[in-house]
Amino acid sequence: ALTKQQVVDWLMRCGEVFTRQRDFLTRLDTEIGDADHGLNMNRGFNKVVEKLPSVADKDIGFILKNTGMTLLSSVGGASGPLFGTFFIRAAQAANAKQSLDLAELHQMMQEGVEGVVMRGKAEPGDKTMCDVWWPVVESLGQSAQQQLSVAEAMQRASERAEQAVESTITMQARKGRASYLGERSIGHQDPGATSVMLMIKTLAEVAG
Ligand code: ADP
Ligand code: MG
Ligand code: MG
């Protein structure tokens, strides 16, 4: 199972990852956006990490809800409300739990992503963060059916996420700022999708 402590560790490490990857993510957003995605994620997760000590003794739902509200109020742009919604909806699914088995982790991710889709209306192939979220959720569902461990499932989900983010390169953007570029958005990796991949990879490291 994924413990509450692992969830806390995950968010802490996301803070480090988005500090390290800030310039890379911003460079991706320079090519098809407004050059702020790395700055947005770095600012948001710095705030999340800052607030973690005050919520670390609460349940998983409380911690994730706090994360979502913090991202919502500090990230801005298109991605702030979307990542905020992901965590707030995931928090509702996780509820007052202190640990999640794989079926519960899958359910939590699925509901979080449903929130993102409800808000952003992305469809498959639109070159958005959802083009990584969906394969991750699908992979977790398959792993749950095979009764794999959370560690093994997250490892597989992380590999799927890395493939999925590469697949955004050849897509033409149909949502968000990148869509203004039309065909010129083809040939570039989506920044938000890259952030999802980094978050999933980090969760796999924590779970493994
Ligand atoms: P902004 O575009 O407002 O500057 P960011 O640069 O932080 O915001 O985030 C851009 C990312 O947001 C994109 O790379 C894409 O993955 C994601 N995104 C944009 N619009 C949508 C949407 N409607 N649904 C899902 N993801 C989206
Ligand atoms: Mg941007
Ligand atoms: Mg912006």
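Nothing here was measured: the structure is a model prediction, and the numbers come from that model. Read the numbers this way: they start at 1 and go in the same order the structure lists the ligands and their atoms.
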Heavy atoms, side chains only, cut-off 4.5 Å: are Glu114 and Arg89 in contact?
->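 Counting from C-beta outward, Glu114 and Arg89 do come under 4.5 Å.
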
Please work out whether any backbone atom (N, CA, C, O) or any side-chain heavy atom from C-beta onward of [X] is under 4.0 Å from ligand 1, and answer side chain, backbone, both or neither.
| X | result |
| --- | --- |
| His37 | both |
| Asp126 | neither |
| Thr128 | both |
| Ala178 | neither |
| Ile32 | neither |

Could you please spell out the steps behind the side-chain hydrogen bond (donor to acceptor under 3.5 Å, both in side chains) verdict for Thr168 and Gln189?
-> CA-CA 6 Å; Thr168 67; Gln189 184 170 312; 5.7 Å; no

I'd like to know whether [atom1] of [X] has more than 12 heavy-atom contacts from other residues, nucleotides or ligands below 6.0 angstrom.
| X | atom1 | answer |
| --- | --- | --- |
| Lys47 | NZ | no |
| Lys201 | NZ | no |
| Gln146 | CD | yes |

Please determine if [X] and [Y] form a salt bridge, counting it only when a charged side-chain N lies under 4.0 Å from a carboxylate O.
| X | Y | value |
| --- | --- | --- |
| Asp34 | Arg177 | yes |
| Asp126 | Lys175 | yes |
| Glu138 | Arg160 | yes |
| Arg156 | Glu159 | no |

Can you name the nearest heavy-atom pair linking Met154 to Ala204, along with the distance?
->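 For Met154 and Ala204, the tightest heavy-atom pair comes out as O-CB, 3.5 Å.
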
Measure from the side-chain N and O atoms of Thr30 to the backbone N and O of Thr26, and report whether any donor-acceptor pair falls under 3.5 Å.
->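 Between the backbone of Thr26 and the side chain of Thr30 there is a qualifying donor-acceptor contact (under 3.5 Å).
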
With no hydrogens and no angle check, is any side-chain donor or acceptor of Lys65 less than 3.5 Å from a backbone partner on Ile60?
->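 No, the answer is negative, given that no donor and acceptor are paired below the 3.5 Å cut-off.
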
Closest candidate by heavy atom, reference atom 18 (N) of ligand 1, pool Leu28, Leu82, Asp29 =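 That would be Leu82.
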
Which protein N, O or S atoms sit under 2.8 Å from the Mg ion (ligand 2)?
->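 Those protein N, O or S atoms (cut-off: under 2.8 Å from the Mg ion (ligand 2)) are Asp29 OD2, Asp34 OD1, Asp36 OD1.
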
Are any of the N or O atoms of [X] closer than 3.5 Å to those of ligand 1?
| X | result |
| --- | --- |
| Ala78 | yes |
| Ser79 | yes |
| Val116 | no |
| Lys121 | no |
| Lys175 | no |

Please list, in number order, the atoms of ligand 1 under 4.0 Å from a heavy atom of [X].
| X | result |
| --- | --- |
| Pro191 | 14 (O) |
| Gly120 | 22 (C), 23 (N), 24 (N) |
| Gly77 | 3 (O) |
| Asp34 | 4 (O) |
| Ala122 | 24 (N) |
| Ala193 | 16 (O) |

Full working for side-chain hydrogen bond (donor to acceptor under 3.5 Å, both in side chains) between Asn46 and Glu50 = CA-CA 6 Å; Asn46 275 347; Glu50 221 171 84; over 6 Å; no

What is the closest protein heavy atom to atom 16 (O) of ligand 1, and at what distance does it sit?
->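 For atom 16 (O) of ligand 1, the nearest protein heavy atom is Asp190 OD2, 2.5 Å.
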
Common cluster, Met69/Leu52, ILVMFWY with side-chain heavy-atom separation under 4.5 Å |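 In one cluster: no.
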
